[in-house]
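So the structure is just underneath, and the comments pick up after that.
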Amino acid sequence: MSSIDFGIIQFQHRITFHHQNKQPQFSPRHSAIVRPKRTNRSSFARRKQTIKAMRAVVQRVASASVEVDGRTVSAIGPGLLVLVGLHESDVESDAEYICRKVLNMRLFPNEKTGKSWDQNVMQRNYEVLLVSQFTLYGVLKGNKPDFHVAMPPIAAKPFYASLVEKFQKAYRMDAVKDGVFGAMMKVNLVNDGPVTMQLDSGNHLKHSVTQLAFTTDFLPSAGTKGLTIE
């Protein structure tokens with residue numbers, strides 16, 4: 001064998017050895033394919049449907065009334081018809097939020113300035129009709145509605161009565177009326193606009209958390225003295 005032939009053989013051997021070392025090494029425990037994480041779509045849908053708040057559907061009306069057994073039990077002229085749904089986890093702060101927001105919602109035009117959405121029901125000296133409606137928490141299971149997250153009647157009745165009282169104290173006793181809790185009611189209304197707004201008391205919790213996060217950013221450190229946060 002000549003020196004040239006021996007050199008060619010060594011060169012080919014180096015190329016083969018180099019190529020074999022460059023082959024990717026895969027561990028049987030680690031796959032090269034990244035598989036997407038499985039999610040339970042049904043559980044995700046249920047989480048999105050979870051409601052933890054008092055709910056109010058507010059309608060601006062030219063008139064509204066409630067009938068029970070063919071008898072009119074409450075009636076108002078211009079003002080607000082408010083359908084109220086109580087959640088099983090509602091507390092007094094939820095009622096206070098709904099009361100404050102409903103009475104201050106600027107859903108009426110200002111006739112003096114011509115501005116739309118400028119005045120609330122109290123500024124116009126209008127009336128409010130409250131109607132308890134647990135079906136606001138209806139969730140369909142197949143084709144059948146389910147109301148398991150609504151506050152049970154034995155707890156909801158006094159809670160709703162306290163809500164009506166809050167409205168009357170915050171506004172005027174004679175300007176706030178309601179239906180009959182737990183009764184089969186016929187609600188008649190003339191929606192003015194139409195204008196309909198949905199309000200959830202859960203919004204005030206988000207606002208409180210945002211305020212808390214903002215405040216803690218400015219809390220003094222352990223070595224800071226004389227700093228007052230209002």
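We number each residue from 1, following the sequence as shown. Every heavy atom of this structure was used, including side-chain atoms; hydrogens, water molecules and symmetry mates were not.
- Within 6.0 Å of atom CE in Met197, 12 or fewer heavy atoms from other residues, nucleotides or ligands are found, so the atom counts as exposed in its surroundings.
- Scored by the side chain to side chain donor-acceptor pair (under 3.5 Å) test, Gln133 finds Thr135 as partners (sequence neighbours excluded).
- A donor-acceptor pair under 3.5 Å is absent between the side-chain atoms of Asp118 and the main chain of Lys115, judged by distance alone.
- Annotation: side chain of Val84 is not in contact with side chain of Val131 (no heavy-atom distance under 4.5 Å).
- Note that the OH atom of Tyr137 and the NE2 atom of His148 stand 12.0 Å from one another [nearest 0.5 Å].
- Remark: Lys157 NZ to Ser162 OG distance equals 13.5 Å, nearest 0.5 Å.
- Inter-residue side-chain proximity for Gln198 and Val58 is flagged as unmet; no heavy-atom pair is nearer than 4.5 Å.
- The salt bridge (Lys or Arg N to Asp or Glu O under 4.0 Å) check on Glu92 picks up Lys166, with sequence neighbours excluded.
- For residues 74-88, there are no salt bridge (Lys or Arg N to Asp or Glu O under 4.0 Å) pairs, not counting sequence neighbours.
- Within the 4.5 Å cutoff, the side chain of Val61 has no heavy atoms near those of the Val190 side chain.
- One distance of note links CD of Glu96 with CE of Met54; it measures 10.0 Å at 0.5 Å rounding.
- Here CG of Asp94 is found 9.5 Å from CG of Leu86. Values are rounded to the nearest 0.5 Å.
- Evaluation of the side chain to side chain contact (heavy atoms under 4.5 Å, CB included) rule for Ala170 yields Cys99, Leu103 as partners, not counting sequence neighbours.
- Side-chain N or O atoms of Arg55 include none that pairs as donor or acceptor with a backbone N or O of Leu83 at under 3.5 Å.
- Applying the salt bridge (Lys or Arg N to Asp or Glu O under 4.0 Å) criterion to Lys169, with sequence neighbours excluded, gives Glu165.
- Contact between Pro145 and Leu140 at its shortest, heavy atoms only, is N-CD2, 3.8 Å.
- Residue Leu80 forms a side-chain contact (heavy atoms from CB on, under 4.5 Å) with just one option from Leu130, Asn120, Leu129, Leu107, and that option is Leu107.
- For Tyr171, there are no ring pair (Phe, Tyr, Trp, His ring centres under 6.0 Å) partners two or more places apart in sequence or in a different chain.
- Qualifying salt bridge (Lys or Arg N to Asp or Glu O under 4.0 Å) partners for Asp192, counting only residues two or more places apart in sequence or in other chains: Arg60.
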Verdict with reasoning, Asn125 to Arg172, per side chain to side chain contact (heavy atoms under 4.5 Å, CB included)
CA-CA 10 Å; Asn125 200 30; Arg172 294 196 330 264; 2.5 Å; yes
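- Transitive grouping of hydrophobic side chains (ILVMFWY, heavy atoms separated by less than 4.5 Å) keeps Tyr160 and Val91 in distinct clusters.
- By the salt bridge (Lys or Arg N to Asp or Glu O under 4.0 Å) test, Arg106 is found to be paired with no residue, residues two or more places apart in sequence or in another chain being considered.
- Listed by chain and residue number, Met151 satisfy the side chain to side chain contact (heavy atoms under 4.5 Å, CB included) test with Ala155 (two or more places apart in sequence, or in another chain).
- For Phe159, the ring pair (Phe, Tyr, Trp, His ring centres under 6.0 Å) test picks out no residue, with sequence neighbours left out.
- Every side chain to side chain contact (heavy atoms under 4.5 Å, CB included) that Phe134 has, sequence neighbours left out, goes to Phe147, Ala150.
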With a 3.5 Å cut-off and sequence neighbours excluded, list the donor-acceptor pairs that the side chains of residues 67-79 form with protein atoms.
residue, atom, partner, partner atom, Å
Glu67, OE2, Asn188, ND2, 3.4
Ser74, OG, Asp178, O, 2.5

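- Contact annotation: the side chain of Asp174 never approaches that of Gln168 to less than 4.5 Å [non-hydrogen atoms, C-beta and beyond].
- Atom CZ of Arg124 and atom CZ of Phe108 lie 7.5 Å apart (nearest 0.5 Å).
- In this structure, Val57 and Leu136 have side chains that are in contact, with non-hydrogen atoms separated by less than 4.5 Å.
- Here the shortest heavy-atom pairing between Asp90 and Gly85 reads OD2-O, 4.3 Å.
- Nearest approach of Gln123 to Gln119, heavy atoms of both residues: OE1-CA, 3.1 Å.
- Contact check for Leu199 versus Val102: side-chain heavy atoms found under the 4.5 Å cut-off.
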